[in-house]
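Heads up: the structure comes next, in structure tokens.
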Protein chains: 2
Amino acid sequence: MDKTLSVIPLGGVEEIGLNMTVMQYENDMIVIDAGLMFPEEDMLGVDFVIPNFNYVIENRDKVRGIILTHGHEDHTGALPFLLKEINVPVYGTPLTLGIVKEKLTEHKLDYIELVPIKPREVINLGAFDIEFIRVTHSIVDGVGFGIKTPVGLVVHTGDFKLDPTPVDGQLMDFHRFSEYGEKGTVLLLSDSTNSEKGGFTFSEKEVRRSFEDIFSEAKGRIIIATFASNIHRIQQVIDVACMFGRKVILSGKSIISNAKIALDLGYLKIPQNTWLKLEDLKNLRDDEIVIITTGSQGEPMSVLSRIATDEHKTIKIKEDDIVILSAKMIPGNEISIGRIINHLFRRGANVIYEKVSEIHVSGHASKEELKLMLNLIRPKYFMPIHGEHRHKIYHSRLAEKTGIPRSNIFILENGEILEITEKTAQKSGKVTSGRIFVDGKGVGDVQDMVLRDRRRLAHDGILLIIIAIEKLTGDIVSGPDIISRGFIFEDVSQEILNELKVLVYDTVKELDSEIISDKSLLQAKIRSILKKYLRNKMDRKPMIMPIIFEV
Amino acid sequence: MDKTLSVIPLGGVEEIGLNMTVMQYENDMIVIDAGLMFPEEDMLGVDFVIPNFNYVIENRDKVRGIILTHGHEDHTGALPFLLKEINVPVYGTPLTLGIVKEKLTEHKLDYIELVPIKPREVINLGAFDIEFIRVTHSIVDGVGFGIKTPVGLVVHTGDFKLDPTPVDGQLMDFHRFSEYGEKGTVLLLSDSTNSEKGGFTFSEKEVRRSFEDIFSEAKGRIIIATFASNIHRIQQVIDVACMFGRKVILSGKSIISNAKIALDLGYLKIPQNTWLKLEDLKNLRDDEIVIITTGSQGEPMSVLSRIATDEHKTIKIKEDDIVILSAKMIPGNEISIGRIINHLFRRGANVIYEKVSEIHVSGHASKEELKLMLNLIRPKYFMPIHGEHRHKIYHSRLAEKTGIPRSNIFILENGEILEITEKTAQKSGKVTSGRIFVDGKGVGDVQDMVLRDRRRLAHDGILLIIIAIEKLTGDIVSGPDIISRGFIFEDVSQEILNELKVLVYDTVKELDSEIISDKSLLQAKIRSILKKYLRNKMDRKPMIMPIIFEV
């Protein structure tokens, strides 16, 4: 039989998030990334989602290591949950591991071996020789991988864009990628996030120009919200702040922690006496202040949200304050973000956001960059990753345009296996995959049925009918009492609740003692009579729960 | 005392939607529009929202009539609820009234007098002479108003854009608006929706070019989803369909009803044998078919959604089908829309949407158009309407740029009163205002407290603890039983429910009989012990309801 490499995405090819891919050759397996996803709007009460990685756990003896492309949560957020199950070394660049280390400590996983790898270093994990290749992205120290396997070379781009003028001067390693193209690569896995977007993605440095314009005209304080992990954005704010003689105050746990890690590792450079504390605010003139914080997505407990609703202890909005939301409005968050913008305007601030100014650029390659990557690598087979179905479709159209035949393009769903030999490639079956919901400390104890109940409760609330019945005679001893939650405003709707009581009373009174003595039959009867009544009278479907005591 | 005109927005100045404005002079009152708003994501289970119009009802004797700018639901959707309370004539253009009539019939309000008015006609309502002035918008037959009041002329733009090449050739009535500017207008109320957007909004006709491109290359069926009220969009699809020898099938109740109204009134022109029925589908070749339907916002019960998930009886997606979402992705809907796009791609269709093609234009004026309107009218006072706070801010900045002093610009919240005399203008107090939730047949019976409960239930579900206690001794007669909904998946988490039972049992056992005999004390005790336990153990906060039965 031919030697066969299996490539299995366990997440990230049906969504933005959950990124995790397994590569397997005989008894050797490597895992690339283990990311989380933030819940969609119908995953009520879910804190976040992780991929079902049972397949990895079942093959724990084969796993040689986990390699990470970069430190974003959609690539590393599921790590603690995976590492609780299997103890394997984790390989990543210094900043990526710095961020991961924090998380692992929180989860009491300090014993995990973290191995820092620099770009252009090569590590051997079983059948795989993996070279780390620098890419540019919206977090520093991102890499893709060049992987030597027994069936040929594989390139995984990680999340990337082709920033021609990166803030730290560290270009994407075009030369290494092109070498893989020259040597001949069997499979390319590439980032599909922006495959719908024409042209090139702007350089991170373009944002600086907007900052300079805003700073040059600002009379009061400047408050900037961005992602805590966007070290280059923070660096640019600090640089422009220095240029205009302002001090910088970081506010928020995650942004301070990330900045410290980056500072320690030398990725962030802050001149002396520039980074001050929140307490120093009162000693500074307004035009000497820049506050960097999080909350750009309208998160209700964030510093920015508390500032906007005037619930922040120290920072109170006043006229001449400028607030910059230096981030993308992620779909699904626009309404919360819009509310915060309205609050800030109402309190007198001038608010600058993506829609009205160029204060954000994407970290992902657009069409022209994706085609360039395809042309550099000119792989035999292509698998679009990191996207929903539509992103994979658009990316595969680009691949076709660059000359890859449609039959050599593989659009996989999570869990599907791509088998590659020296001569062939084909889809071949599926391993266990799916989404696991994390809610509080519970992992996997919330499933679809629970979510269905939550949606039902969310939509029309719940109605409890409590009734005590004399078992022998079927007489009503007490009740029916009705308690509702999330159904109607009881103060104004007492009348309806009374009608429901009478309805239940009359129904039970008229029932045969045979039905009454069967608790579940009686419950079903009460439920159906109320359901019908509420549908006709109110067009609503609360959850109806009859609670019957037998005396 | 000086003669005073009061202008009171009851909705639409803190949101997109709910548009409703009252003008009052002594004993005469007119109402401009009465719109609804679709619920925001935290208004769980609410079908839609209407403005609190108690102020109008309390002044029913003064109301001389309701005048409508156009037929969109955010301007007419609250009408049935208002007209149930007060019987006054409604004035609008023929298409607007055609749409309204349908709604009123549904609500058994046929007795309401509907008075069709054509652009440039003037009606007298008490102290007000109102001229209807044509505007262009994303629905045909839209108007603004020129209103002669005892304190001077007032102009209300309605929803507008300056479409230089409207589909029906009916330009906005620049000449009339400019006449009001020439005569001198005391107050302008103008549409702020797109005040953040630079430049000019494209003409509706631009969409036709994209349609032609798509049609010219299409090999199979074309399915187009758009808003049911966008008659011009439908007209353009029909025109292009005819050009390419395709027949048109309308699918969906609202789109058929609107098309019929528009056809009857002459606003829609369909050549003979072009509009076929769904049943004719089987007699046509794929390249002879265009289906126009709704569901462009990802609404789960729409025709498009059913097609996407393969639940539609007649229309099954196949290779070569092209699906066009010819509408804006309204913020808050992107995720549902994205899902539908993914489903359609997965079934083999090619999907074309706002992000990847020019198949939609806005119906609202952008910055340059707004400035032109301000310059045409050159009003003494200016009130931005139709927008959230940020839109009003951006619009008022444009007004300042055109030379209106900041002190003459009035940014009102819902319910605030702007008092205008011949010489002055000032804010002066507030009338009752707010948002009323409509849920099923209930109007106003869902209030903030109910929504708080729904959010709580949605987040972590509910836990019922049922226990029967011997009243005299305090002994547990039966239970505790635990029922949960939306909390955890009981099949895998039976253990936790058992722990909770034991916890309640032990707690009650150890309590003084004094506490046990006080039902509400006992409930509070059980609730607090479970709450603490669940927070520590699971980091969750389900609603906890102890149900105690005393025997």
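We use all heavy atoms of the structure for the numbers below, so side chains are in, but hydrogens, waters and symmetry mates are not.
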Should we say atom [atom1] of [X] is surrounded by more than 12 heavy atoms from elsewhere, each under 6.0 Å from it?
{"X": "Glu106(A)", "atom1": "CD", "value": "yes"}
{"X": "Glu499(A)", "atom1": "CD", "value": "yes"}
{"X": "Glu217(A)", "atom1": "CD", "value": "no"}
{"X": "Lys519(A)", "atom1": "NZ", "value": "yes"}
{"X": "Glu41(A)", "atom1": "CD", "value": "yes"}
{"X": "Lys541(A)", "atom1": "NZ", "value": "no"}

Evaluation steps, side chain to side chain contact (heavy atoms under 4.5 Å, CB included), between Asp539(B) and Asp439(A): CA-CA 8 Å; Asp539(B) 201 12; Asp439(A) 180 0; over 6 Å; no

By a 4.5 Å heavy-atom criterion (distance strictly below it), what part of [X] contacts chain B: side chain, backbone, both, or neither?
{"X": "Arg540(A)", "answer": "side chain"}
{"X": "Lys197(A)", "answer": "neither"}
{"X": "Met538(A)", "answer": "both"}
{"X": "Phe437(A)", "answer": "neither"}
{"X": "Leu344(A)", "answer": "neither"}
{"X": "Ser478(A)", "answer": "side chain"}

Taking all non-hydrogen atoms of both residues, which atom of [X] and which atom of [Y] are closest, and how far apart?
{"X": "Met545(B)", "Y": "Ile483(A)", "result": "CE-CG2, 3.4 Å"}
{"X": "Val351(A)", "Y": "Tyr394(B)", "result": "O-OH, 3.5 Å"}
{"X": "Arg454(B)", "Y": "Leu457(A)", "result": "CG-O, 4.1 Å"}
{"X": "Pro331(B)", "Y": "Glu334(A)", "result": "CB-CB, 3.8 Å"}
{"X": "Ile393(B)", "Y": "Phe345(A)", "result": "CG2-CE2, 3.6 Å"}

Structural part of Ile467(B) lying under 4.5 Å from a heavy atom of chain A: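 For Ile467(B), backbone heavy atoms alone lie under 4.5 Å from chain A.
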
What distance do [X] atom [atom1] and [Y] atom [atom2] have between them, rounded to the nearest 0.5 Å?
{"X": "Leu464(A)", "Y": "Leu464(B)", "atom1": "CG", "atom2": "CG", "value": "5.5 Å"}
{"X": "Ile340(B)", "Y": "Arg390(A)", "atom1": "CD1", "atom2": "CZ", "value": "11.5 Å"}
{"X": "Ser336(B)", "Y": "Glu40(A)", "atom1": "OG", "atom2": "CD", "value": "9.5 Å"}
{"X": "Leu534(A)", "Y": "Lys441(B)", "atom1": "CG", "atom2": "NZ", "value": "11.0 Å"}
{"X": "Phe549(B)", "Y": "Ile548(A)", "atom1": "CZ", "atom2": "CD1", "value": "11.5 Å"}
{"X": "Asp445(B)", "Y": "Ile488(A)", "atom1": "CG", "atom2": "CD1", "value": "6.0 Å"}

Just wondering, do [Y] and [X] contact through their side chains at under 4.5 Å, heavy atoms?
{"X": "His389(B)", "Y": "His343(A)", "value": "no"}
{"X": "Ile335(B)", "Y": "Asp42(A)", "value": "no"}
{"X": "Arg455(B)", "Y": "Leu44(A)", "value": "no"}

Between Lys355(A), Arg456(A), Arg397(A), Met329(A), the one whose heavy-atom pairs under 4.5 Å with chain B are most numerous: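 When all of Lys355(A), Arg456(A), Arg397(A), Met329(A) are compared, Arg397(A) has the most.
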
Among Lys392(A), Met543(A), His459(A), His391(A), residue most engaged with chain B (heavy-atom pairs, under 4.5 Å):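 It is His459(A).
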
Test item: Arg485(B) side-chain N/O and Asp453(A) main-chain N/O as donor-acceptor pair under 3.5 Å: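 Not a single qualifying donor-acceptor pair exists.
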
Residue among Gly332(B), Gly461(B), Ala458(B) with most heavy-atom pairs under 4.5 Å to chain A: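 Highest number of pairs under 4.5 Å: Ala458(B).
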
When Glu413(B), Arg452(B), Glu14(B) are compared by non-hydrogen pairs under 4.5 Å with chain A, the top option: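 Heavy-atom pairs under 4.5 Å are most numerous for Glu413(B).
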
Ion pair check, Glu388(B) and Arg339(A), cut-off under 4.0 Å: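 Looking at Glu388(B) and Arg339(A), the cut-off is not met.
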
